[in-house]
Amino acid sequence: MMASQQQQAGGSMSQPGLLQPSSIQQAQTQQQQLSQQQDFDPVHRFKMLIPQLKESVQNVMKIASLNLAHNTTIDNGTKSSDSSVQRFDKSLEEFYALCDQLELCLRLAYECLSQSIDSAKHSPNLVPTATKPDTVQTESMSYAQYLCMIKSQISCAKDIHNALLECSKKIAGKGQPPGMM
């Protein structure tokens, strides 16, 4: 009766050791979002794969040593080949699959880094936003400088586009019979 009075007076009663369903859902949603972000980060994925690779190497070595010992006993004639041994090729295939995943992670990380470097090279300075004029950095450029840079980038892109169009017309012109032009 006292608990129902407390619930009516104070809204909902929360116990210190229990989480409310909405807070559990929020925590799960945050964990899912964090894990999704980390799945896309190639460096984090690389770090997650390293322990698996170590385990895989250990497994390959263990199976190789067991198979070698088994084959040695068969060659010496002390044991028949009735007992089953683990397949070395499967463990080696697992190891190579992990190596391939690590290689892809490293290539993706390298591409991200080069893209970041290119981005910094072609647009090195920030433009201050109108919402936060007090946070102007010393490295930032004025809006007029930014517009000038963007116009030069657009001009360069148009030049490349025109050169590609011209080249494609030349290639298309060579493919036609001589009397068709």
Side-chain angles (χ1 to χ4, degrees), residues 19 21-72 74 81 83-129 131-132 135 137-141 145-172 174-175:
L19 292 174
S22 63
S23 64
I24 292 173
Q25 290 173 348
Q26 289 174 350
Q28 289 174 345
T29 304
Q30 289 174 349
Q31 287 176 349
Q32 288 173 350
Q33 289 174 348
L34 182 63
S35 69
Q36 287 174 351
Q37 289 172 350
Q38 291 173 344
D39 284 345
F40 293 123
D41 181 19
V43 174
H44 182 265
R45 180 145 171 79
F46 180 83
K47 289 178 181 178
M48 298 280 292
L49 287 173
I50 290 295
Q52 293 177 17
L53 184 70
K54 288 179 181 178
E55 183 180 319
S56 179
V57 167
Q58 290 173 349
N59 190 33
V60 166
M61 293 300 159
K62 182 181 87 173
I63 291 173
S65 68
L66 290 174
N67 285 349
L68 184 63
H70 179 75
N71 289 340
T72 302
I74 291 173
S81 63
S83 64
S84 64
V85 291
Q86 293 180 340
R87 301 232 359 215
F88 177 73
D89 57 342
K90 297 243 185 228
S91 62
L92 193 60
E93 185 177 328
E94 178 187 331
F95 171 75
Y96 282 137
L98 284 170
C99 287
D100 290 343
Q101 289 179 21
L102 288 169
E103 181 183 7
L104 289 175
C105 288
L106 289 175
R107 285 185 186 200
L108 182 59
Y110 178 76
E111 285 296 319
C112 290
L113 178 65
S114 15
Q115 204 170 42
S116 175
I117 290 171
D118 288 343
S119 175
K121 182 170 68 172
H122 296 296
S123 181
N125 300 325
L126 301 173
V127 177
T129 59
T131 57
K132 298 179 182 178
T135 60
Q137 298 174 352
T138 58
E139 301 172 353
S140 64
M141 61 174 67
Q145 292 172 326
Y146 177 73
L147 281 178
C148 182
M149 181 184 70
I150 295 299
K151 285 179 184 178
S152 70
Q153 289 177 346
I154 290 172
S155 172
C156 183
K158 283 181 182 178
D159 291 344
I160 292 171
H161 180 265
N162 290 337
L164 289 172
L165 278 176
E166 199 176 302
C167 187
S168 68
K169 286 178 184 177
K170 286 181 182 179
I171 291 173
K174 290 182 179 179

Closest heavy-atom pair and its distance - [X], [Y]:
X     : Y      : result
Arg45 : Cys105 : CG-SG, 3.5 Å
Ile63 : Gln86  : CG1-OE1, 2.9 Å
Ser56 : Ser91  : OG-O, 4.2 Å

[atom2] on [Y] to [atom1] on [X], rounded to 0.5 Å:
X      : Y      : atom1 : atom2 : value
Asn59  : Leu92  : CG    : CG    : 10.5 Å
Ile160 : Leu165 : CD1   : CG    : 12.5 Å
Ile154 : Met149 : CD1   : CE    : 10.5 Å
Gln58  : Leu53  : CD    : CG    : 10.0 Å
Met61  : Leu68  : CE    : CG    : 12.0 Å
Asp100 : Leu49  : CG    : CG    : 11.5 Å

Original post:
Tell me, do Gln101 and Leu98 make a side-chain contact under 4.5 Å, heavy atoms counted?
Top reply: yes

**OP:** Please examine the side chains of Phe88 and Val60, heavy atoms only from C-beta on, and report whether any two atoms are closer than 4.5 Å.
**Re:** yes

**OP:** Report, as yes or no, whether the 6.0 Å neighbourhood of atom CD on Gln153 holds more than 12 heavy atoms from other residues, nucleotides or ligands.
**Re:** yes

**OP:** Using a strict 4.0 Å threshold on nitrogen-to-oxygen distance, state whether Arg107 and Glu103 make a salt bridge.
**Re:** yes

Subject >> Sidechain-backbone polar pair: Ser155 side chain, Lys151 backbone, donor-acceptor under 3.5 Å >> reply: no

